[in-house]
Amino acid sequence: MRCTQEDESEADGPSPSPQPLSRDTITVEIVYSAATGAVVAALLFFLVASPSFFWRLSGRWHDVTMGAAAVVATAGFLHRVVSVLTRLKNTTRASRN
């Protein structure tokens, strides 16, 4: 009896292809970067906006503080997301070589 390549692959069982594993890894890293980015953004927002909360700033100073807190929090979020996804991209490239 002649054994073909198809027979050998069926005997071993279905092997998972690397593509779905790669998609799962990318999905997990995207969710991780968004979640940690949200935590970083919340901490930065509270850090910058805390004078307005504790000293009860009013009028223009309150608006300036809240605007600065929003800008810093957004920058922190974007920095975290980009740095995690860049690290993933570099790790993926290194594993392919």
Side-chain angles (χ1 to χ4, degrees):
M1 183 166 147
R2 194 171 136 188
C3 184
T4 63
Q5 194 171 15
E6 290 90 20
D7 295 335
E8 289 176 3
S9 65
E10 289 174 8
D12 294 339
S15 62
S17 64
Q19 190 63 23
L21 295 176
S22 177
R23 287 184 192 155
D24 290 345
T25 302
I26 291 170
T27 302
V28 167
E29 288 294 322
I30 290 170
V31 171
Y32 170 75
S33 68
T36 58
V39 170
V40 168
L43 291 173
L44 287 173
F45 184 86
F46 182 74
L47 181 71
V48 175
S50 62
S52 182
F53 297 140
F54 294 125
W55 296 334
R56 301 196 188 277
L57 298 177
S58 61
R60 185 176 177 113
W61 287 109
H62 175 77
D63 296 340
V64 168
T65 305
M66 289 297 151
V71 168
V72 170
T74 302
F77 175 81
L78 291 175
H79 179 269
R80 180 64 183 166
V81 169
V82 168
S83 65
V84 169
L85 295 181
T86 302
R87 182 185 52 169
L88 173 66
K89 182 178 177 183
N90 292 338
T91 304
T92 306
R93 278 188 187 167
S95 68
R96 287 183 184 170
N97 292 333

**Prompt:** Which salt bridge (charged side-chain N to carboxylate O under 4.0 Å, His left out) pairs, counting each pair once, include a residue from residues 30-54, with sequence neighbours left out?
**Reply:** none
Output a table of donor-acceptor pairs, distance under 3.5 Å, between side-chain atoms of residues 44-57 and any protein atom two or more places apart or on a different chain; print 'none' if there are none.
from  : atom 1 : to    : atom 2 : distance (Å)
Ser50 : OG     : Phe46 : O      : 3.4
Ser50 : OG     : Leu47 : O      : 3.0
Ser52 : OG     : His62 : ND1    : 2.4

**Message:** Under the salt bridge (charged side-chain N to carboxylate O under 4.0 Å, His left out) definition, can you give me all pairs with a residue in residues 33-46, not counting sequence neighbours?
**Reply:** none
**Prompt:** Hey, quick one: are Ile26 and Val84 part of the same hydrophobic cluster, counting side-chain heavy atoms closer than 4.5 Å, chains of contacts allowed?
**Reply:** no
Show which side-chain atoms of residues 27-40 pair as donor or acceptor with protein atoms under 3.5 Å away, not counting sequence neighbours.
from  : atom 1 : to    : atom 2 : distance (Å)
Thr27 : OG1    : Arg23 : O      : 2.9
Tyr32 : OH     : Arg80 : NH2    : 2.9
Ser33 : OG     : Glu29 : O      : 3.3
Ser33 : OG     : Ile30 : O      : 2.8
Thr36 : OG1    : Tyr32 : O      : 2.9
Thr36 : OG1    : Ser33 : O      : 3.4
Thr36 : OG1    : Arg80 : NE     : 3.1

**Asked** Would a 4.5 Å heavy-atom cut-off, applied to side chains only, mark Leu85 and Val81 as touching?
**Response** yes
**Message:** For residues 63-74, which residue pairs pass the side chain to side chain donor-acceptor pair (under 3.5 Å) check, not counting sequence neighbours?
**Reply:** none
